[in-house]
Amino acid sequence: MKTATLSIRVDPDVKLQAEATFAPLGLTIGEAVNIFLHKANLEGGLPFSVVQPRFNAATQAAMREAEDIIAGRVQARRYSSFDELLADADADD
């Protein structure tokens, strides 16, 4: 018999996506959480690997550039046409 209540706050979009994911399986979010908790107990921890994604050097550089643009440390490039953007991208190679 289940007697414990678990109350958590989640992003509403994440909740909707989870409901859509579990519904075809015939599961409620509560039932899915129960499955997760049982599996975590069996595994003695999270039942999946949690790792920092590894990005290649080009992706890391692009992420740093985006952070610098957002912080105002670097001005973003602007283009008057798509052809101008392509020409600049080709020049970078």
Side-chain angles (χ1 to χ4, degrees):
M1 175 168 59
K2 298 176 186 173
T3 59
T5 300
L6 180 65
S7 178
I8 60 171
R9 295 188 185 278
V10 297
D11 181 287
D13 291 333
V14 171
K15 181 179 181 269
L16 286 173
Q17 289 174 0
E19 287 171 336
T21 298
F22 298 132
L25 301 171
L27 295 172
T28 66
I29 288 185
E31 292 164 333
V33 168
N34 265 308
I35 291 169
F36 168 78
L37 294 175
H38 282 285
K39 182 68 172 169
N41 288 339
L42 286 171
E43 299 282 331
L46 291 174
F48 47 81
S49 176
V50 179
V51 296
Q52 178 85 17
R54 293 188 182 146
F55 300 109
N56 64 30
T59 301
Q60 288 176 356
M63 291 168 64
R64 279 192 300 275
E65 180 182 14
E67 289 168 353
D68 288 343
I69 290 169
I70 291 168
R73 293 186 291 267
V74 173
Q75 185 157 353
R77 295 180 192 174
R78 297 187 182 269
Y79 303 96
S80 2
S81 69
F82 184 67
D83 290 334
E84 185 182 342
L85 179 140
L86 289 178
D88 188 39
D90 287 341
D92 285 346
D93 291 337

Within one Ile-Leu-Val-Met-Phe-Trp-Tyr cluster: Ile29 and Leu25, side-chain cutoff 4.5 Å: yes
Atom CZ of Arg54: over 12 foreign heavy atoms under 6.0 Å: no
Atom pair CD (Glu84) and CZ (Arg77), whose distance is rounded to the nearest 0.5 Å: 11.0 Å
Spatial distance of atom CG (Asp88) from atom CG (Asp83) [nearest 0.5 Å]: 12.5 Å
Same cluster (ILVMFWY, side-chain, under 4.5 Å), Val14 and Leu27: no
Minimum heavy-atom distance Phe55-Gln60, with the two atoms named: O-NE2, 3.0 Å
Residue pair Asn56 / Thr59: nearest heavy atoms and the distance that separates them: OD1-N, 2.8 Å
Rounded distance (nearest 0.5 Å) linking atom CG of Asp13 with atom CG of Leu16: 6.5 Å
For a quick test of your reading: what N or O donor-acceptor pairs under 3.5 Å do the side chains of residues 30-42 make, sequence neighbours left out?
{"residue": "Glu31", "atom": "OE1", "partner": "Thr28", "partner atom": "N", "Å": "2.8"}
{"residue": "Glu31", "atom": "OE1", "partner": "Thr28", "partner atom": "OG1", "Å": "3.3"}
{"residue": "Asn34", "atom": "ND2", "partner": "Gly30", "partner atom": "O", "Å": "3.3"}
{"residue": "Lys39", "atom": "NZ", "partner": "Glu43", "partner atom": "OE2", "Å": "3.0"}
{"residue": "Asn41", "atom": "ND2", "partner": "Leu37", "partner atom": "O", "Å": "3.3"}

Same cluster (ILVMFWY, side-chain, under 4.5 Å), Leu6 and Val10: yes
